[in-house]
Amino acid sequence: MSIERNPDRPRIDAREKVLGKAQFAADRPVPGLLHAMTVPAAIAKGDITAIDVERAAGVPGVVRVFTWRDFADIRETPATRGGGGDKPGYQPMKRPSVRHRGEPVALVVAETLEAAIEGAEAVSVRYRPSSFTASREQPGAEREPVTVDHRAGDAPAAFAAATSKLDVTYLHPQQHHNPIEMISTTAAFVDGKIVVMEGTQNSAAFKFGIAGMLGQDPQSFESSSPYVGGGFGQKNQLQQQSALVVRAAMLLKRPVKLVMPRSQLFHTATYRPLSRHRVQVGAGADGKFEAVLYDIEQQNSRFDQFGAAAGEHVSRMYATPNWRSTNQRVRVDVQAPAHQRAPQEHPSSYATECAYDELAYALGVDPLELRVRNDTQHDPITGKPFTSRNLAECLRRGAARFGWDRRKKEPGSMRTRDGMLVGFGVGAGAYKASMSPAVAKLRVNADGSSRLAITGHEFGQGMRSAVAAELINVLDIDPNRLEIALGDTSVAPQHITVGSWGCASSAPAARAAAELLRSKLVELVGAGRAKGPVASAIARARRPFLEVEVSQAGLEQPATVFQRLNSGMPAPVGPEYKQFTAFSWIAHFAEVHVEPSTCRVRVPRVVSVCDCGRVLNHRTAQNQVRGGVVWAFGAALRESAEIDARFGRILNNDLADYVLPVNADIGEIDVELLDVPDTNLNISGAKGIGEVAMVGATAAIVNAVYHATGKRVRHVPIRIEDLL
Amino acid sequence: MRQFTYTRARTTAEAVTAFGRAGREARYIAGGTSLYDLMKLGVERPLHLIDIADLDEMRHVDTAGERLVFGAGALMADVAENPVVRRDYPMLSESLSKAASQQLRNMATVGGNLLQRTRCPYFRHGAGGIYPCNKREPGSGCAAIGGLDRGQAVLGTSSACTAVSPGDWPVALTALDAVVELTGPAGPRSLPIADFYLLPGSTPDREFAMLPGEIITGIAVPKTAAGRRSTYHKIRDRESYAFALTSAAVALTIDGGRIRKAHVAIGGVGTRPWRARQTEVLLEGRPPTREAALAAAHAAFAGARPGKENAFKLELGARTIADAVVIAAERKV
Amino acid sequence: MTDRSNDETIGITRRETLHGGAVASLALATPPAPAAAQLPAPARLPAHAREFGLQLATSINGEPVSVAIDARSSLLDVLREGLGLTGAKKGCDHGQCGACTVHLDGRRVASCLTLAAKADGREIVTIEGIADGETLHPMQQAFIDHDALQCGYCTPGQIMAAIACVKEGHASSREEIREYMSGNICRCGAYVGIVAAIEQASTKMRRA
């Protein structure tokens with residue numbers, strides 16, 4: 001099936017954003033708003049023996065101080081975590097106890113923000129602390145059984161028989177998403193309903209999940225999240241604060257807003273947990289993989305179900321006849337980790353792509369050649385073909401753009417004119433191509449204006465631009481007069497937008513709606529007169545408007561999937577389908593410069609070539625890849641939560657001490673998108689890009705550091721002291 | 001944050017008088033980038049703020065006389081960009097432009113920057129019973145000792161405190177023997193910068209040799225020909241907008257290919273801005289090569305007492321000094 | 001500040017200026033009280049806050065504004081919560097991210113670390129004030145042209161910082177732009193586009 005390519009187009013909501021008019025959750029005006037502030041627990045575990053709220057209640061402007069007694073009847077339901085597992089998760093402030101450092105123990109609501117803060121500081125809590133475990137190395141860490149997640153052939157036997165063997169262990173630290181929009185919750189009363197405004201990738205959870213927690217009818221709630229100030233997975237569920245703020249507003253019968261401070265978010269919001277990766281590779285002398293044994297151990301909270309299985313994409317990267325990946329959770333007394341951009345794919349690609357690099361050097365095979373040599377068109381786990389896999393093409397084109405042929409083999413053998421050590425590194429990645437059901441309601445008016453209400457959330461990836469592209473292509477509508485309503489349960493059913501399935505689900509729905517509207521027009525006026533800009537044709541037909549609604553399921557999904565969609569439950573499909581397995585693919589090449597004396601590492605340029613299916617908007621898609629590379633840079637060289645296990649607390653809980661990449665850190669990032677439509681998957685030919693963008697890029701940088709210095713550092717971030 | 005009164009002073013005398021009447025729970029505020037931040041963190045809890053940012057008498061930058069004179073209220077951004085400072089004292093300019101961000105440099109004053117408090121996370125993030133800290137709550141103990149100490153000081157520490165002195169500008173001023181001009185209830189006085197910063201000892205809550213109610217009015221730097229061959233070299237965890245892991249302020253006089261006089265102070269490693277006198281002595285008479293400089297630089301850390309994770313600062317600090325010597329020596333006079 | 005005393009002596013003669021909690025400017029000797037001093041008592045502030053409250057008289061985006069504030073308020077909170085100017089964003093509240101950047105008397109500052117009281121008598125420009133009607137500022141247009149944003153949350157701060165960066169003369173090279181834009185964190189990682197946008201806009205701004 002052939003499909004048109006998208007020309008270069010600007011991001012459709014960029015104008016609102018550069019004008020400062022895009023309204024994020026905490027920006028939205030609400031008359032009579034009260035301000036809330038949380039009191040974080042000052043212990044890591046134990047009981048609350050007394051809470052003295054008298055002084056806080058006496059602070060001028062404080063309206064009420066809430067404690068666990070006010071929230072004891074809030075229910076922990078599976079929806080609490082937005083579908084993140086079958087256990088209910090954990091809701092603080094239900095009981096007089098503390099399960100992790102920094103969870104809210106009181107909520108102060110006041111007429112002004114200043115009074116709420118002063119009130120929160122004035123709450124006095126007495127605790128009976130109990131012993132706790134803050135790290136997997138401490139006594140009390142609870143190891144769950146090891147689980148095999150992906151298997152092919154007999155990996156242990158094949159590994160034992162292999163001629164060349166590698167056995168290495170890589171460590172990945174705890175990382176925090178830190179979207180620049182701090183998580184805020186506002187509960188307001190509109191037309192007899194409670195509208196929850198929180199920047200979220202999962203507005204449905206705020207209709208159905210909140211209702212479940214508060215024992216209310218979901219129809220009493222709507223959730224609106226039209227712009228999200230960065231999510232990266234941290235905003236894909238109800239937050240610890242969400243139900244508390246809604247309940248407080250209900251009790252006070254006034255709207256309440258809480259903007260949780262950054263320092264508290266480090267202890268209440270989710271994060272990428274610490275993980276340890278053992279990679280054993282058995283290979284022939286030519287570098288062809290014979291067996292891979294990959295074992296991951298991942299830290300978790302006591303009460304959450306965030307999975308540790310990391311074999312999904314790494315088992316599909318290369319032709320590996322014998323594969324076994326296992327995972328194990330280690331539970332300690334911390335808040336729940338969850339998905340952070342390329343949740344398992346980033347750490348697992350870091351560990352394996354670095355290990356393969358070690359193998360390449362050990363065998364004297366060019367690391368690029370090693371990857372090409374192990375290319376495959378079949379999924380080693382299921383034996384099915386990949387629906388589209390252009391990884392080798394990504395590697396070849398990337399190598400050419402990068403100038404990989406200028407690489408000298410020996411580590412430490414390249415220098416700049418001013419004496420910097422130069423390293424070249426390569427890393428490759430993949431991310432599942434999934435889809436979820438979506439509903440699109442499209443109305444095109446004869447006056448040229450149009451409105452699309454659709455399932456999906458916009459958090460910077462360019463969701464609005466992606467769905468707009470399909471309307472422009474099929475209907476030739478005026479993008480300047482197109483209103484797109486999304487991230488709002490009152491305009492269309494909403495589904496969690498994560499896992500890189502957002503645009504690949506919503507764009508097909510938009511396209512289907514556009515095609516349906518076009519065919520309705522043909523019915524109305526005949527094929528000849530239905531051509532050209534659709535609004536003019538509607539006007540010629542003397543109709544004020546045409547309106548359609550479509551429900552678009554993901555590939556192979558039955559119609560019953562819409563029951564899940566309409567009740568706010570996650571319903572994704574992929575990457576394994578009946579006929580094939582589907583992934584997006586990417587290759588990254590990094591050049592690093594290492595200062596020989598003080599060992600500062602710089603990354604002046606990265607080249608990334610991606611196979612993400614059909615490109616819906618070139619600017620937003622390329623931007624996603626650049627952003628993924630910046631994230632990978634942060635992981636390789638900057639970011640780590642520093643946890644003082646004596647306190648069970650993150651020491652660097654602000655943006656000065658949790659080191660994010662700044663502008664001066666980032667050099668040139670050259671991106672090519674192959675733009676090969678995959679119409680086996682969906683009518684838009686789209687796979688995901690936001691997650692695959694990051695996968696493999698940290699390895700490219702780390703491998704380049706090895707090539708520059710000859711030092712193989714098996715943890716990230718690599719810091720000066722690792723290279724001195 | 002508890003409520004406070006806010007008063008804007010127009011003259012130094014007004015400010016001092018106001019402080020005297022307000023009592024111990026008053027604070028002067030200039031740019032506020034440090035104080036207001038610490039108030040939000042609950043570390044500082046003043047009842048009265050006396051704003052001294054608008055004192056015209058403290059805004060001047062005078063480079064014409066025998067000494068460079070900076071009014072305490074001059075903004076960091078302005079002093080960093082001063083053409084004479086940039087040309088003749090790149091070390092001073094760089095120590096300012098490599099600090100914080102341009103937004104903060106547009107707010108913070110060069111006087112207030114001398115009083116910036118430590119970035120020790122146990123100090124900053126521990127109010128309200130989270131972490132003990134002898135600096136914040138005398139006698140409560142030090143959580144950094146035995147804790148995560150990668151960022152802590154290796155020089156000038158005590159059993160009560162290992163917090164690093166955070167500044168860049170104070171390090172450069174220390175290298176050039178600056179004098180801090182003060183005024184207060186007892187009238188004006190001057191203090192060599194070496195005497196301005198106190199070692200923690202058993203009283204880490206006392207950081208500055210200032211008397212209650214005193215205001216920094218200005219900073220004077222004796223002019224030296226070494227200023228042109230100078231640099232402030234700063235190594236940090238990212239390329240910009242970060243505090244120093246290690247830094248070195250170096251100014252050199254070079255004669256016939258050999259160092260005649262060296263000014264060396266280091267940051268990121270000490271509990272106060274640290275003058276590296278022994279390194280200066282060892283550099284004198286030596287060529288400004290990296291090798292010679294490195295040997296001399298190690299002497300700066302002779303008395304260092306590293307903890308668990310910050311021993312790397314000894315080597316990194318020495319290399320930072322050595323690189324700074326080479327950079328300074330290559331500067332055109 | 002409005003609560004200027006008419007005292008002609010230097011120093012504080014009314015104990016209540018400090019202990020009663022009202023605010024006093026001590027600029028008593030010479031300058032006459034500004035026009036704002038004649039404005040009525042704070043109306044928008046809850047009664048309890050008045051004791052420690054101030055009346056802020058300033059200019060925002062060219063318009064004179066008088067507003068009652070809590071002495072503790074940051075300029076950012078007054079803009080956002082008091083005046084509904086939500087373009088400036090809160091990303092850290094500690095001067096560590098740059099999302100709150102506005103211009104104060106023509107300089108870029110972190111409004112979260114600026115006591116609102118300090119803005120009295122000064123000129124504030126926010127993201128809402130830089131376009132000329134429907135015509136975007138060249139920096140805004142450049143951010144669209146180079147897709148120098150993703151989620152858009154840090155964007156107002158980036159643009160305000162970028163305009164100042166050019167006006168300061170710190171946009172002469174990519175390296176200099178990167179350094180002088182490092183006070184604005186973009187977690188989405190749109191730095192390459194931001195640098196390109198500033199390069200484009202600086203040429204146009206110099207021509208204008």
Side-chain angles (χ1 to χ4, degrees), chain B residues 1-11 13-23 25-26 29-41 46-56 75 77-78 81 97-98 100-108 124-125 238-242, chain C residues 1 10-12 15 17-31 48-49 51-54 70-72 74 93-96 98 100-105 107-115 117-118 120-121 157 160-161 164-165 168-170 178-185:
Chain B
M1 197 184 298
R2 61 177 171 174
Q3 295 189 323
F4 53 81
T5 68
Y6 172 84
T7 310
R8 211 187 264 195
R10 288 292 163 104
T11 70
E14 282 176 8
V16 171
T17 305
F19 195 102
R21 287 177 187 268
E25 296 200 80
I29 185 165
T33 51
S34 190
L35 179 62
Y36 192 29
D37 181 36
L38 291 171
M39 287 163 65
K40 290 185 177 197
L41 293 169
L47 272 181
H48 309 284
L49 284 188
I50 299 161
D51 193 335
I52 55 171
D54 281 0
L55 306 185
D56 289 335
L75 297 176
D78 288 343
E81 304 266 325
S97 62
K98 290 182 182 179
S101 68
Q102 187 72 355
Q103 283 92 321
L104 300 181
R105 296 190 293 265
N106 274 334
M107 301 160 69
R124 281 173 57 78
H125 296 299
R238 62 187 176 195
E239 289 294 305
S240 183
Y241 202 16
Chain C
M1 299 305 123
I10 291 176
I12 296 171
R15 287 185 64 81
T17 53
L18 283 169
H19 295 282
V23 107
S25 166
L26 299 178
L28 314 173
T30 43
H48 66 269
E51 189 185 344
F52 291 85
L54 312 168
D70 187 311
R72 295 169 292 186
S74 67
D93 214 21
H94 290 276
Q96 299 164 355
C100 67
T101 302
V102 301
H103 295 176
L104 191 58
D105 283 349
R107 289 171 175 265
R108 51 170 151 164
V109 299
S111 64
C112 75
L113 274 195
T114 301
L115 273 176
K118 283 178 161 290
D120 191 62
M160 297 310 286
C165 179
E168 290 156 9
H170 288 136
R178 286 177 184 134
E179 169 59 31
Y180 279 86
M181 286 301 292
S182 281
N184 292 78
I185 292 174

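It should be emphasised that the depicted structure is a prediction, and the values quoted were computed from it without experimental measurement. Just so it is clear, the values below take in all heavy atoms, side chains as well, and ignore hydrogens, waters and symmetry mates. Just so we're on the same page: letters track the sequence lines, and every chain starts at 1.
- Atoms CG and OH, on C/Asp70 and B/Tyr6 in that order, are 13.5 Å from each other to the nearest 0.5 Å.
- Between C/Leu113 and B/Gln103, the closest side-chain pair of non-hydrogen atoms is not below 4.5 Å.
- For the pair B/Met39/C/Leu115, no side-chain contact is recorded, criterion being any heavy-atom separation below 4.5 Å from C-beta on.
- Between B/Asp54 and C/Lys118 there is no side-chain heavy-atom pair separated by less than 4.5 Å.
- Looking at B/Asp51, the atoms closer than 4.5 Å to chain C (heavy atoms on both sides) all sit in the side chain, from C-beta outward.
- Within the 4.5 angstrom heavy-atom criterion, no atom of B/Leu35 approaches chain C.
- Only the side chain of C/Ile185 comes within less than 4.5 Å of a heavy atom in chain B; its backbone stays farther off.
- A heavy-atom distance below 4.5 Å is found between the side chains of C/His94 and B/Leu41.
- Heavy-atom distances place no part of B/Ala100 under 4.5 Å from chain C, backbone and side chain included.
- Looking at C/Ser111, neither its backbone nor its side chain comes within 4.5 Å of chain B, counting heavy atoms on both sides.
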Next item on the list: Apply side-chain contact (heavy atoms from CB on, under 4.5 Å) to the pair B/Gln102 and C/Thr101, showing each step before the final yes or no.
Entry: CA-CA 10 Å; B/Gln102 187 72 355; C/Thr101 302; over 6 Å; no
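- The CG atom of B/Leu49 lies 11.5 Å from the CZ atom of C/Arg72; values are rounded to the nearest 0.5 Å.
- Two residues are said to be in side-chain contact when any heavy atoms from C-beta on lie closer than 4.5 Å; B/Ser97 and C/Tyr180 meet this criterion.
- With a 4.5 angstrom heavy-atom cutoff, B/Glu81 touches chain C only via side-chain atoms.
- Most heavy-atom pairs under 4.5 Å with chain C: of the set B/Met1, B/Lys40, B/Lys98, this distinction falls to B/Lys40.
- Only the side chain of B/Arg238 comes within contact range of chain C, judged by heavy atoms closer than 4.5 Å.
- Under a 3.5 Å cut-off, the side chain of B/Asn106 and the backbone N or O of C/Val109 do not form any donor-acceptor pair.
- Residues B/Leu104 and C/Ala110 share a closest heavy-atom pair of CD2-CB, 4.0 Å.
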Next item on the list: Test C/Leu54 against B/Arg8 for side-chain contact (heavy atoms from CB on, under 4.5 Å), laying out the working first.
Entry: CA-CA 12 Å; C/Leu54 312 168; B/Arg8 211 187 264 195; over 6 Å; no
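- For C/Cys165, no part lies under 4.5 angstrom from a heavy atom of chain B.
- Formation of a donor-acceptor pair under 3.5 Å by the C/Arg178 side chain with backbone atoms of B/Ser240 is not found in this model.
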